[in-house]
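As a basis for the values below, the full set of heavy atoms in this structure was taken, side chains included, without hydrogen atoms, waters or symmetry mates.
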Amino acid sequence: MKNTGDRLKGLPLGVKIFLATSLLIALAVGAAVAVTTILVRRIALQAIDETLAQTSAAQTAFQDERGKRLLLTARLFASDPSLNAYVAEAAASRDSSSILDLLNERQRDVGFDFAIVLDSTGKVLARTDRPTGAGEDLANRPLIAKSITDFEAAGVWIEDGRLYDAVAVPLQREFNLLGFFVAGFAITDASALEVQKVSGSEVAYVTAGRSGPVVVASTVPALAPVLAQALAASQRTMGEVMEEGREVNRVQLSLRGEPWIASVVPLKDAGGKAVGATVGFASLARELTSYREIQNALIASGLIAAVLALFLSFALARRMLAPVRQLAVAAAAAGQGNYDQKIDTGRRDEVGELARSFDRLLTDLREKRDMEIYVADLSRSLPEPASSRPVIGSAKSRDLIVLGLELRRFARSDGDPEQVLERLASDWKRIGGAISSRRGTVESVSGHRLLARFDGEGRGPRALAAAADILGLEPDGSPDAPSLALASGPAVTGPISWREGADNALVGLPVQRLESLLREAAPGDLLLTREVHDELAATLESAGYRLAPRKGLLTSQPFYALNANVAARVTGARGVAMVEFAEAAGAYSSAVPTLSGISPGSLLGARFEILAVLGAGGMGVVYKARDRELDDLVALKMLKRELWGDRTQLERLKSEIKLARKITHPNVLRTHDFGEIDGVPYISMEFVRGVTLRYLLDQTQSLPYSAGLRLARQLCAGLGAAHAQGVLHRDIKPENLIIEAVGNAKLMDFGIARPIERMTPGETQAGWVVGTPMYMAPEVLQGRDADVRGDIYAVGILLYEIFTGKPPFSGSTPIEVMLKQIKDEPPAPIGPHGALDPALEAAILRCLKKDPSERFPSVDGLARVLEGLTA
Amino acid sequence: MTGKGKTGPLLALLLTWAAGASGEDLRGKIELLARGGKGLAKGSDVRQAVVFFEPKEPRPTRAPEAPFTITTEDKEFLPRVLAIPRGAKVRFPNSDPILHNVFSVSGANSFDFGLYRKGPGQTRRFDAPGLVRVFCNVHHSMVAYIWVLGTPFSASPGADGTFALSGLPQGPGKLTVWHEQAEPWTIDLSIPIPGTIAARLEVTRPRIPPHVDKTGRSYFRNSREKYGG
């Protein structure tokens, strides 16, 4: 049993359907056949019952009729006075021949089959059926006996094994009884035929002979002997009929092997005793024949239907299950890690829906896998803000600004060694944070010396800002201040391995120059090579500085020197990190944006342990911290100390949180809390370990296609969620998209986000543009109000950069970029493998339309297009 | 049916009379026509007809001493038709083994002899001229006709229907032709008449065919037939 059960379970679905269908059909046909068989038999029997009932009725009717006729005849005969007189005279002289002659004559006229004239005691005077029967005493015959008592009688007469309907009437003269006249009609085949005509069944008349029933007349003489035999076999029937005088119905007879149904009705004499019986019988087989035809037709059609259905179910199961099988195979492969199956998604039914969902799932898995592979690759080089040893995978030769730094204070190494090293570590932490917050990369740290590099857009101001920040860490004029130098030029970077493990190396002319500059630097000095100075010329000039080159004691090259103040002021004049337009006059004069005095290692309130500097924005710095209360890592955004007093800033911070908190979406960086600790306002946000899109773009020319698609979709999803909450981002750029190791992108830094509704035309103060020009829509650059389509424009630039590797508009100055944004059409995007998918290209270009009304009206439109693309 | 023996005595009688007086002859032919007058009647025996002439001045008749006889034999009256002078006697013997009844209800000649078995039977004298119908009250097929005539001139035709009357006085008179199946045919004529008289009688009381059953067989259980044809 177990085996069969298991085997059954393991059968393919197609076979199961097939078997089930077959079973159903078999059951249906079987049931139909069974039901019809039973019904048919019942109907046939009923029909026969009715026929036989009719036979019985007809028989009775005919008998009555004959009886009446006989009676009439007899009475007429008996009422003829001449006849009576004749009989009387003859009887008186025992002259039976005269009476016999008269009877015979009358028989000819009237047609009865026999006649008897009896005297008043019942003795025969003359009888036509036995000319010599005169003198016989018939007083005991029931008919005669009855007529002797009742003067008239009727009943069935049996004589010599033949049956007659007979009557007896008195012959009388005046009122005296002379005798009786008896006459009868024989019960013959003709009588049987008469009954049959009316009722439709076969009819036979039987008597109980000595050795069994005898058929004396019937409609089917050929069957007579067989019928007699069958009746004899049915002992009980004949017994019941003859002895008890009861009618027996539904007698089953077998005549020549065929089934017949009969009803046997007794024929009674005048005394009420059965002397014979009327047998009405009908062929069950014949009755059933016509119904059998129906039944056969039913079976035949059932079989045909069965065969057809079997074929059909087979074909259907096949057709239905083929795609299911395909899906099963694909699912199995996916389970093994193979997501590259092609799924047929053309069907319209539930199976098609399943296929489509499965396809989407596979696509998602594919992209995620690609992203994971990609990010896993790169995540090996995730910059740990606290660490200063990123190991980059490939050797590169590039043009860099290099920053050299010496911590002069450690020239003396007295004191507790542990404390010294601790101090060293914390100094490096802070300095490293300052460097990475300006997107610099610490190349090497050796003892009290540090080497960092800056490249990419705005490297000069950034390097300058980083230097200024570092200087700002120490109070002015301290003899323990570090000395810094900046140089620029071509260099080679990359990993080298000359001992266990890999090291980073940075070699080149600028490094040499640094060396010489640092010789010259005093504590708190920042020295610049001429090239760097020239690069920063615009920045310096706009700060109102005109530096004169100096000649050093040890170096022949001229250099320029800045002290902390100057440096700070310079960086304060224009923004850092790309080109940021600082806030209005207020910031210009009073604020010297340095770090708010919070540095890695410090404890904010009793709650937050500052672990590292993650970055800096126009409003403040972002730290990685540990929230002791929540016992979780968070990102803390603080306002710069200088801005604390500014109520508008604080209000902006608060409103930012209110907005940001509304947005909950896996692709939006979650905002946790707002507070003030030690009078310093902060926002705590979700800490995410990952790289910014900027970092990825810097590392590789362009992302792999599927990774890029995934990012794009997630960006749209997150932005869509923000827009749905009525919040604009307004500062979408690669720096604001962080990508976790698992490949999820989160949109962050809704730093200058504004609720869409609250924007009323003209509220943006004149001359105060918010955003990054590279990513700003033309209408926003021109001072008009931003809306969702401005965000979409920025997304367009981002997509362009993701899929081609560089932005559509670039220039050496921000103004140049702005002008191009406003006026120029973007060039056709070319990916690393040639032209992009036409749908993608069209979508990107649509985002970049100068006229906002031509762009996607909402992020959802763009999202839909991206959804339709396949990696 | 009508045996030769019946016509014999009749003819003899006529010849006797004719010898007594010389007279005129009258010849004629009787035809029995089928109903409607078209064609000869089938199954009708013309010999059963009676023809008599009554002169305007009646001639006397003489009744013989010996009675005539009508016997019941095989359930029939034989002779079936008898012409007798008025005042003659007829005896009715029964030669059958069964009881018979003889009666008549014909006016002045009515009589009923009741039931009597085989034997000489009874005799009756018939004085009133006219037709006497004789029956048996149980045997409905038995019938006899007795013409009691007031004229000596009568005859029965032969098988061909011809008849001859002789010794007729000259002068006017009435000729009557009678057959049981037709209406009596009479003609006034004056003797002598040349040629033959053609008497055409239409059979208005045809013989009823005997009962037969469905198969055409006669109902008669014994072999005897009542009427031929």
Side-chain angles (χ1 to χ4, degrees), chain A residues 69 73 76-117 125-132 134 171 173 178-179 181 183-186 188-194 197, chain B residues 71-78 92-106 110-122 133-144 207-228:
Chain A
R69 232 188 316 153
T73 312
L76 268 172
F77 181 96
S79 64
D80 182 354
S82 314
L83 190 139
N84 281 345
Y86 196 93
V87 168
E89 286 294 324
S93 44
R94 301 262 148 232
D95 180 7
S96 65
S97 49
S98 296
I99 302 174
L100 184 59
D101 179 85
L102 191 60
L103 285 179
N104 283 329
E105 189 166 295
R106 287 292 180 269
Q107 186 175 24
R108 267 180 248 133
D109 292 339
V110 170
F112 45 75
D113 292 308
F114 79 96
I116 311 177
V117 174
L125 292 175
R127 55 189 294 178
T128 58
D129 56 343
R130 269 215 284 278
T132 54
L171 296 164
R173 196 196 235 142
L178 297 177
F181 172 69
F185 287 124
T188 60
D189 290 351
S191 330
L193 280 167
E194 262 184 342
K197 248 194 277 199
Chain B
T71 317
T72 61
E73 188 180 316
D74 283 338
K75 289 198 274 188
E76 281 181 61
F77 286 118
L78 297 174
F92 297 88
N94 181 0
S95 67
D96 275 345
I98 57 174
L99 292 169
H100 273 299
N101 162 262
V102 183
F103 76 96
S104 177
V105 289
S106 303
S110 305
F111 65 94
D112 192 338
F113 292 151
L115 287 166
Y116 54 99
R117 46 188 67 262
K118 193 170 183 164
Q122 296 184 49
R133 296 186 177 86
V134 182
F135 303 109
C136 169
N137 70 356
V138 285
H139 300 114
H140 303 137
S141 54
M142 289 170 66
V143 66
R207 190 94 41 238
I208 299 170
H211 271 318
V212 288
D213 63 17
K214 268 201 297 236
T215 62
R217 255 187 326 122
S218 162
Y219 276 122
F220 301 153
R221 295 304 192 263
N222 42 29
S223 56
R224 270 200 312 184
E225 282 192 354
K226 275 289 247 196
Y227 298 101

| query | Out of curiosity, B:F135 CZ to A:S82 OG, how far, rounded to the nearest 0.5 Å? | reply | 12.5 Å

| task | For residues B:L115 and A:E89, report the shortest heavy-atom separation together with the two atoms involved. | result | CD1-CG, 3.3 Å

| query | Among B:K75, B:H140, B:H139, which residue meets the side chain to side chain donor-acceptor pair (under 3.5 Å) test with A:E105? | reply | B:K75

| note | Closest heavy-atom pair, A:S98 versus B:L99, reported as atoms and distance to 0.1 Å, is OG-N, 3.0 Å

| said: I need the residue from A:L83, A:L100, A:D80, A:D95 with the largest number of non-hydrogen atom pairs under 4.5 Å to chain B. | reply: A:D95

